[in-house]
Peer 1: 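Can you keep this structure in mind? I'll have questions shortly.
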Number of protein chains: 2
Amino acid sequence: MQREQDVLTAASMYYLQDMTMEAIAKHLHTSRSTVSRLVKRARETGVVEITLRPPQGRAPGLGQQITARYGIDAWVVPVPDVTSQIDRLDQVSMTAARLLSTWFDSEMVLGVAWGTTLAAVAQHLTRKPTRGSAVVQLNGAANTRTSGVHYAGDLIAAFADAYGAHAHYFPVPAFFDYAETRSAMWRERSISRVLDVQRRADVALFSVGAISGGLPSHVYSAGYLEPGDIETLDAEGVVGDVCTVFLRADGTYSDIALNDRATGPTPAELRRIPQRVCVVAGDNKVAPLHAALRAGVVTHLVIDEVTARALVER
Amino acid sequence: MQREQDVLTAASMYYLQDMTMEAIAKHLHTSRSTVSRLVKRARETGVVEITLRPPQGRAPGLGQQITARYGIDAWVVPVPDVTSQIDRLDQVSMTAARLLSTWFDSEMVLGVAWGTTLAAVAQHLTRKPTRGSAVVQLNGAANTRTSGVHYAGDLIAAFADAYGAHAHYFPVPAFFDYAETRSAMWRERSISRVLDVQRRADVALFSVGAISGGLPSHVYSAGYLEPGDIETLDAEGVVGDVCTVFLRADGTYSDIALNDRATGPTPAELRRIPQRVCVVAGDNKVAPLHAALRAGVVTHLVIDEVTARALVER
DNA sequence: CCCATCCTTGCACGTTTGTTCATCCAGGTT
DNA sequence: AACCTGGATGAACAAACGTGCAAGGATGGG
């Protein structure tokens, strides 16, 4: 295909030689418009990669405050204070998608949770061709009540597609109805193979679920839980979840009944993954995020400015 | 400095969130112009890094032909056929500078030769902050007849400055008048320290010198050699040089009298550096480039399209 | 305290870029 | 063969961008 070659040529002349698109068009014997499209395609297909490197450690911005307090890498996404929750989610997820593509590379395994936030990230993924990499679903979601782009399978497929990675699905419900079923399934070879891949993950990508307020968290609204379950959670002091594992405000999670039936990795298991990226947008997520930080499951945080401020002022 | 923070914010909003400069200006309470300048500054200071990755191995372009024939990584810089030698040098050196900043990083040592081509590259360097890195001059050039930006010392300083690297100068002439002086100097601790750094280099950057035609090569025009020397070189079948070591068309270089007095690393020594980047622009360099390729001193070639075509058609 | 100098800012302008739309072409279908 | 369909193309327009310029503000030396 001559097209691929032209994409590379146009990108090289535009980004490496600072030529104007008009000049490039003349060289390629085509129109400016086409060159504009070639360059766009170069960005979209990952021929061009744009990386941001925060100047080392200084600057007492919000990000540094969070870094200092929690010992994690924080990326604060600037958004106007007035931005709606939806717009904030959009900005944060786009930023997270771009950052992720600078972190993920060949021969790596990416573990992905699912939910509203992750679906938003998936929409903004930039392509980056890699080899020998894989994407693995971190927690179950097979359920008849969800479908479309929010369906976990499509979400995993979107990540795998963007990176040319192998996809590993996790065909179990978000929560089992009986803990014994989980133990039984975990022994099945088809399932334990996926669990093995999860354990080999180099990067985990997830958000936190809030029990209440703001945009509804899929875990609570998608019909996985019965009304009785939610009351029980409240009574146990649960403030939110990470990968379908519920946490109390202090980051603990043992002796919460539902967790025995959950399918996602516990914080202890999650912590074995070296890089753990948490994407957060929305005020109502401050409490569960704080719990997640206490549980030590986050190494890299991508968060909108407003929520970040709420976090440090807490 | 609030400025650094703003540069990062603007870059993030512009490159990661695809916001328009006008919107960013509103958020930062400043004008579009300032945002434009902030973004520019982000590029110039290395906060933003733009990388091109050629789609793996396919596409039968000129680059692939060279790669296939010589087993090296070739980057062909597209230039109109009509471009003057000077413009070609400009395009190639800009491309080389940008590529180099994607290859070089913290804790690395960069060996740099000098000459017209390298001076051109130095002019286009993009900043990239690194730590623990060093730039070392590969061959001598101390000489009263050169000065200004072409002076080797300034050249090394420009590279070191761009990367925040430590600079190691090599205060010897390009050629000694007596081979014994060289042996004597090589034993001096101040000199052998530099030679040690050279041997630790991870990346070497150099061009090839042509004996005749086109833009004059510094080695021949700057007064390092006597008229008699040049006649002798001709008689010995020399077609050019790499780091002041002269090569015959077949890539051999032993028994060439001048080489005993030269200060640059021989091809054998050069080959110990893992990545060896050769920057070439200008038709008259085809012959010496071919010799350099035969000598196996090149692993990465940055070359303009016209010269590349001349090379493969050779 | 004043002045010279350097650096920064916003405006205005011209240039460069993204995108819509009508058109065209290739490939496959009836 | 005629027809449809999806994708590519260039013209034209509107949006976005870069930069020279003059004004404003800080800095440091007298």
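Naming: A, B, ... by sequence-line order, numbering from 1 per chain.
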Peer 1: Over how many whole Å does the gap from A:D6 atom CG to D:dT9 atom C1' extend?
Peer 2: 13 Å
Peer 1: Nearest whole angstrom, please: distance from the C1' of C:dT19 to the CZ of A:R41.
Peer 2: 16 Å
Peer 1: Applying side-chain hydrogen bond (donor to acceptor under 3.5 Å, both in side chains), name anything that partners A:T67, two or more places apart in sequence or on another chain.
Peer 2: none
Peer 1: Within this structure, what is the CG-to-P distance between A:L28 and D:dA8, rounded to whole angstrom?
Peer 2: 16 Å
Peer 1: With a 4.0 Å cut-off on N to O distance, would you call A:D105 and A:R131 a salt bridge?
Peer 2: no
Peer 1: Does D:dG10 have OP1 or OP2 sitting under 4.0 Å from an N or O in the side chain of A:T30?
Peer 2: yes
Peer 1: Who are the side chain to side chain contact (heavy atoms under 4.5 Å, CB included) partners of A:E44, not counting sequence neighbours?
Peer 2: A:K40
Peer 1: Who passes side chain to side chain contact (heavy atoms under 4.5 Å, CB included) against A:T51, sequence neighbours left out?
Peer 2: A:E49, A:T102, B:E49
Peer 1: Can you tell me which residue pairs pass the ring-ring contact (aromatic ring centres under 6.0 Å, His included) test with a partner in residues 16-54 of chain A, sequence neighbours excluded?
Peer 2: none
Peer 1: Going by atom type alone, with no hydrogens or angles, which donor-acceptor pairs under 3.5 Å involve a side-chain atom of residues 12-19 of chain B and a protein atom two or more places apart or on another chain?
Peer 2:
unit_1 : atom_1 : unit_2 : atom_2 : d
B:Y15  : OH     : B:R43  : NH1    : 2.9
B:D18  : OD1    : A:R98  : NH1    : 3.2
B:D18  : OD2    : A:R98  : NH2    : 2.8

Peer 1: Are any protein N/O atoms closer than 3.5 Å to N/O atoms in nucleotides 12-19 of chain D? If there are, list each pair with its distance.
Peer 2:
unit_1 : atom_1 : unit_2 : atom_2 : d
D:dC17 : OP1    : B:Y14  : OH     : 3.1
D:dC17 : OP2    : B:T20  : OG1    : 3.0
D:dC17 : OP2    : B:M21  : N      : 2.8
D:dG18 : OP2    : B:S36  : OG     : 2.8
D:dT19 : OP2    : B:K40  : NZ     : 2.9

